[in-house]
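Scroll down for the structure; my scribbles are underneath it.
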Protein chains: 2
Amino acid sequence: MRSRPPTIKDVAEQAGCGIATVSRVLNGTGSASADTRRKVLSAAKALGFEFSALGRSLQSSSTKTLGCIVPSLANPVFAEVVQAAQQEAHREGFQLILACSEYDEVLELQAARTLIAKQVDGLVLTVNNAADSEALELIRDRNLPCCLVYNRSSFGLPAWAVDNRAAAREVARAFHSQGHVQTGFLALRFHRSDRSRERYEGFAAACREFGMADPLLLEIEEQDGTLLELLGTLLAEHQALTGIFASNDFLALAAMKAARALGKRIPDDLSLVGFDGISTGLLVDPHLATVETDPRTMGQGAVHSVLARLLDRPTPDLPSAAATFSFRAGGSLGPPVPGKADGREAATSLPSNE
Amino acid sequence: MRSRPPTIKDVAEQAGCGIATVSRVLNGTGSASADTRRKVLSAAKALGFEFSALGRSLQSSSTKTLGCIVPSLANPVFAEVVQAAQQEAHREGFQLILACSEYDEVLELQAARTLIAKQVDGLVLTVNNAADSEALELIRDRNLPCCLVYNRSSFGLPAWAVDNRAAAREVARAFHSQGHVQTGFLALRFHRSDRSRERYEGFAAACREFGMADPLLLEIEEQDGTLLELLGTLLAEHQALTGIFASNDFLALAAMKAARALGKRIPDDLSLVGFDGISTGLLVDPHLATVETDPRTMGQGAVHSVLARLLDRPTPDLPSAAATFSFRAGGSLGPPVPGKADGREAATSLPSNE
DNA sequence: ATGAAAGCGCTAACAC
DNA sequence: GTGTTAGCGCTTTCAT
């Protein structure tokens, strides 16, 4: 049986004094005679007493807790965001309550409600669609300190975000300078991610700007289970494309795998560019060309912004748009090589040596 | 300015009734006249009232919150564990407070303390060294519902763990059946992870059993920054090894990259086997041979175990040792090919087609 | 220096 | 059917 944890009252009793004295001594606030102090201290130790954050929070109306909502931890980008956010919060004595929206707006709203009910002091979150998120609306209405991550600012909330359109333009520029004309944009859960759509729109606009063909939008709804097969089918249907920009690195890597299964050489038969800059992209051969972002800085920055508001500190500077990403070239991005792709011949080519 | 959120008292006042009535109506407990009900409901809506979990928890001494401690979210295995744990907790109406120990026992203990102070109803965690974790001791002393993940049972706590020794034995068996004799065990943060040590010990014992040479222990302390260089040096120093078992997949993939940079062909010049079964291992070419585990099942199961104890439900069955992993062969594991490794020649070999 | 008491938001036992 | 009240653990006046 779990015996009720000792309370301040138990300590007071054991020490033979009032609860106020215990509070004062243990918190180092107010004064006490050396004798009382000793008695309180030893009583507390004997009982294994620790303050309950509950009573304290109720009293102070501050839980020292931040809510954190991300779509999923399966994407390493969000795992890193959360990890960094947790660390930064911890440094300031705050805990993190984690919720995953699973790319679902209903869950997202529900999570926001729950966290608000738990009286979190602030929130850090990536929403599915910042422009019309009920969760954000709720938070804004409650006037709760909050910062977005990887979403562009919305509802007047601060945001640590990547400039998706500018980044996508760099990708288009890179494809163009390598001589690509027919490209595709590969997206997973397109309608459930404003990031993905911004990347597509920026890419399409830039392709036009550089005189390339409009990129083909290749949407995928399913999850990992059959992902490789779906990609295989998709790639087989669009042999004319010489380059594909994927909405994130994981998808790009999967596409690379699927393309290889089709006998395609990367980048000769098909160039691939991802988005995010996850470390795995550097472990494959050739490495994945991508838009590198910095999830750690984002997560940390977002917490910092929230805490600044909470603790009345100067608001931290948001990074300039240009500083939110950097393009990683080479590897899976090269000039298109004319001629029919063939698995056997491809196999005799030298692997890139980067 | 953020105005104080409305309390039950505000609603009672607005509805012209007592707070108990409000509580009864809004909680659907007890009865009320249709008229009162209507007034309360509309008052609550008008005020945007939501119960504060704080007052409720203080009263019920249950926070509907679970603590979760993992070493890091950088390892996808733990990211998945946490994600699954969060989902399972959510299904039962529980939230998750997340803490990362960063492979540090001090942080681990501190996290446990904080979570206990926050009055979490239970804990799910992976500790650095289960056998002598002060955090576990604390939790055990408090008699708090708790379940370990990826650690073997310790302090009498239930555990959803992989049978590291048995799994490592399968790895040794695989190496042996391919004709390997001189192998190495590559470990990151060896002394900070009982999992890693168990894998090594099981591997070493099994190598002996199969008549192979004792595996060379290759330890690495540093983090990612210079990881590839360190690995390159290490591999260059141990050219005699034909096979390496890495303590986790990420490390194995990094080793693969480093080996290639040295001009080694995988698996001809060097066979590699990882541990965990992260999805990335299937995206590289050749795929990574590894011990597949199921982090989602582990995370979910652990929460389930804790909740069972919390809600007085029958204790779920832990998986049998043999069911905690499965060996994935092929790909980066093949027979050792005699002859000096050379980058140029290696380049002309056919890539594996799995 | 220290104790008594109010009050944070809520639920439940008890009156009426 | 509904209001009053005690009490969950704590901090903080306010007396003494």
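Chain letters run A, B, ... following the sequence lines, proteins first and then strands; every chain starts at 1.
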Acceptor/donor pairs from residues 145-155 of chain B side chains to any protein atom, 3.5 angstrom cut, sequence neighbours excluded:
{"unit_1": "B:Y150", "atom_1": "OH", "unit_2": "B:T293", "atom_2": "OG1", "d": "2.7"}
{"unit_1": "B:N151", "atom_1": "OD1", "unit_2": "B:V127", "atom_2": "N", "d": "2.6"}
{"unit_1": "B:N151", "atom_1": "ND2", "unit_2": "B:V127", "atom_2": "O", "d": "3.0"}
{"unit_1": "B:N151", "atom_1": "ND2", "unit_2": "B:D194", "atom_2": "OD1", "d": "3.1"}
{"unit_1": "B:N151", "atom_1": "ND2", "unit_2": "B:D194", "atom_2": "OD2", "d": "3.2"}
{"unit_1": "B:R152", "atom_1": "NE", "unit_2": "B:E198", "atom_2": "OE2", "d": "2.9"}
{"unit_1": "B:S153", "atom_1": "OG", "unit_2": "B:L157", "atom_2": "O", "d": "2.6"}
{"unit_1": "B:S154", "atom_1": "OG", "unit_2": "B:A130", "atom_2": "O", "d": "2.7"}

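Across all their heavy atoms, A:L66 and A:A89 have their closest contact at CD2-CB, 4.3 Å. For the residue pair B:C17 and B:V22, the shortest heavy atom distance occurs at SG-CG2, 3.8 Å.
Neither side chain, A:Q119 nor A:S57, offers a donor N or O lying under 3.5 Å from an acceptor on the other.
Over its length, the helix from C:dA1-D:dT16 to C:dC16-D:dG1 turns its helix axis by 50°, as judged from the five terminal pairs at each end, rounded to 10°.
Within the 3.5 Å criterion, the main-chain N or O of A:N27 finds no donor-acceptor partner in the side chain of A:T29. With hydrogens and angles disregarded, no donor-acceptor distance shorter than 3.5 Å links the side chain of B:S23 to the backbone of B:I19. A donor-acceptor pair under 3.5 Å is formed between the side chain of A:R195 and the backbone N or O of A:N128.
Judged as a side-chain hydrogen bond (donor to acceptor under 3.5 Å, both in side chains), the pairs with a partner in residues 37-52 of chain B (not counting sequence neighbours) are, in order, B:D35-B:R38. Residue pairs meeting the salt bridge (charged side-chain N to carboxylate O under 4.0 Å, His left out) criterion with at least one member in residues 76-88 of chain B, sequence neighbours excluded: B:E88-B:R91.
Taking the side-chain hydrogen bond (donor to acceptor under 3.5 Å, both in side chains) definition, one finds that A:T36 meets it with A:S33, sequence neighbours left out. Residues forming a salt bridge (Lys or Arg N to Asp or Glu O under 4.0 Å) with A:R197 (at least two apart in sequence, or on another chain): none. Scanning for salt bridge (Lys or Arg N to Asp or Glu O under 4.0 Å) contacts around B:D294 gives an empty result, with sequence neighbours left out.
The environment of CD in A:E13 is sparse: at most 12 heavy-atom neighbours from other residues, nucleotides or ligands sit within 6.0 Å. Open room surrounds CD on A:E134; 12 or fewer heavy atoms of other groups in view lie less than 6.0 Å from it.
DNA chain D is contacted by both A:A20 and A:K9; A:K9 maps to the nucleotide lying nearer its 5′ end (nearest heavy atom per residue).
Listed by residue number, the members of residues 53-64 of chain B with any heavy atom below 4.0 angstrom from DNA chain D are B:L58, B:Q59. Within a heavy-atom distance below 4.0 Å of DNA chain D, the residues of residues 24-41 of chain B found are B:R24, B:S31, B:A32, B:S33, B:T36. Scanning residues 11-19 of chain B for heavy-atom distances under 4.0 Å to DNA chain C yields B:I19.
Running 5' to 3' along DNA chain D, contacts with non-hydrogen atoms of chain B at under 4.0 Å begin and end at D:dG1 to D:dG9. Here the range on DNA chain C touched by chain A, meaning any atom under 4.0 Å from one of its heavy atoms, is C:dA1 to C:dG9.
When A:L310, A:V306, A:L307 are each tested for a side-chain contact (heavy atoms from CB on, under 4.5 Å) with A:D121, only one passes: A:L310.
A cation-pi arrangement, defined by a distance under 6.0 Å to the six-membered ring centre and an angle within 45 degrees of its axis, is present between B:R189 and B:Y103.
B:Q300 places none of its side-chain heavy atoms less than 4.5 Å from the side chain of B:Q87.
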